[in-house]
Amino acid sequence: MKHGPVDVVVLAFGKPRFDGGILAELERQAATGTIRVLDAMVLLRDEAGKKWRLDLEDLPPEQRSAVGFIETGTRGLFDSEDADTLYEGMVPGSAVLALAIEHTWAVALVNALDANGVELAFNFRVPAPIVDEAFASLTAT
C-alpha cells in the first residue's frame, strides 16, 4: 500500500480567530512525515448569515506559501457539496476548517498487517479531551 489511512477532521470556530498556529503545527507534522495534509477548506458565515468559502488557490502569493505543505495535486478533494453540508450546521459569525489528513506514519504498519492477512475489523477515534479525562480519573483513584 502506498498510502496511510485518511481522517477528515472538521474544526468549528465559534468566533473565528486564525493566528497561524494551526497551520504552523500542521506544517511541522507534515515536515516530519507524520502526516500529509491532502486538502483543506475554510468556510465562513458572517453575522448576516452570508456564506464564504476560501479557496486555497485564490490566496495571494504570500498567503499561499503558508499552505505550501498541502500538495497542489491533492487539493480539491473537498467540493461544493461538502461545503453545503457543513454550512448547514454553521451559525452566523462562525467558521469551519475542514482537513483531509493522511496518516503517513501508518503506511509501514498497514503493509505489515496486509502481509499477514489482517483486515481492519473496527476503527474508533477517542477525542483528546476524553482521553485526558480518562487518564485523570486513573490518577484520581
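Of the inter-residue distances, the one linking His3 atom NE2 with Leu38 atom CG reads 8.5 Å to the nearest 0.5 angstrom. Here Thr85 contributes atom OG1 and Leu43 contributes atom CG; the two are 10.5 Å apart, rounded to the nearest 0.5 Å. Atom CE of Met41 is separated from atom CG of Asp39 by 8.0 Å, given to the nearest 0.5 angstrom. In this structure, Asn116 CG and Asn111 CG are separated by 11.0 Å, a value rounded to the nearest 0.5 Å.
Cluster annotation: Val67 is connected to Leu44 through the hydrophobic network of ILVMFWY side chains, with a link wherever side-chain heavy atoms come within less than 4.5 Å. Connection of Val131 to Leu138 is established within a shared hydrophobic cluster, with ILVMFWY side chains joined at heavy-atom distances below 4.5 Å, either directly or through further cluster members. Put simply, Val42 and Val9 are part of the same group of oily side chains (I, L, V, M, F, W, Y) that touch within less than 4.5 Å, one to the next. If you chain together hydrophobic residues whose side chains sit under 4.5 Å apart, Leu99 and Phe78 never meet in one group. Val8 and Trp105 are members of different hydrophobic clusters when ILVMFWY side chains are connected at heavy-atom separations under 4.5 Å.
Within the 4.5 Å cutoff, side-chain heavy atoms of Val37 are placed close to those of Leu26. Contact annotation: the side chain of Lys50 approaches that of Trp52 to within less than 4.5 Å [non-hydrogen atoms, C-beta and beyond]. Residues Leu54 and Leu59 meet the side-chain proximity criterion, which asks for heavy atoms closer than 4.5 Å. For the pair Arg36 and Glu71, the minimum side-chain heavy-atom distance is below 4.5 Å. Annotation: side chain of Ile70 is in contact with side chain of Arg75 (closest heavy-atom distance under 4.5 Å). Two residues are said to be in side-chain contact when any heavy atoms from C-beta on lie closer than 4.5 Å; Pro5 and Val110 meet this criterion.
In plain terms, the two heavy atoms of Leu97 and Phe13 that are nearest each other are CB-CE1, 3.8 Å. In terms of heavy atoms, Ala30 sits closest to Phe69 at CB-CD1, 4.3 Å. Of all heavy-atom pairs spanning Leu77 and Ala100, the tightest one is CD1-CB, 4.4 Å. Heavy-atom minimum distance, Val107 versus Met1: CG1-O, 3.5 Å. Closest non-hydrogen pair, Gly49 versus Arg45, comes out as O-NE, 3.2 Å.
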With side-chain contact (heavy atoms from CB on, under 4.5 Å) as the criterion, how do Val96 and Leu11 come out once you've worked through the C-alpha distance, each side chain's angles and the decisive distance to 0.1 Å? CA-CA 6 Å; Val96 162; Leu11 308 170; over 6 Å; no

Intermediate values then yes/no, side-chain contact (heavy atoms from CB on, under 4.5 Å), Ser80 and Arg53: CA-CA 9 Å; Ser80 58; Arg53 178 177 173 183; 4.1 Å; yes

Criterion side-chain contact (heavy atoms from CB on, under 4.5 Å) on Gln29 and Ile101, from CA distance to verdict: CA-CA 11 Å; Gln29 294 289 328; Ile101 299 173; over 6 Å; no

Candidate pair Lys51 and Met90, rule side-chain contact (heavy atoms from CB on, under 4.5 Å), full reasoning: CA-CA 9 Å; Lys51 304 170 196 170; Met90 292 177 67; over 6 Å; no

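Using a cut-off of 4.0 Å between Lys/Arg side-chain N and Asp/Glu carboxylate O, Glu57 and Arg64 are scored as not salt-bridged.
Ring geometry for Phe124 against Phe122 counts as parallel: the plane angle stays under 30°, on a 0 to 90° scale with 60° as the upper cut.
More than 12 heavy atoms of other shown residues, nucleotides or ligands fall within 6.0 angstrom of atom CD in Glu25.
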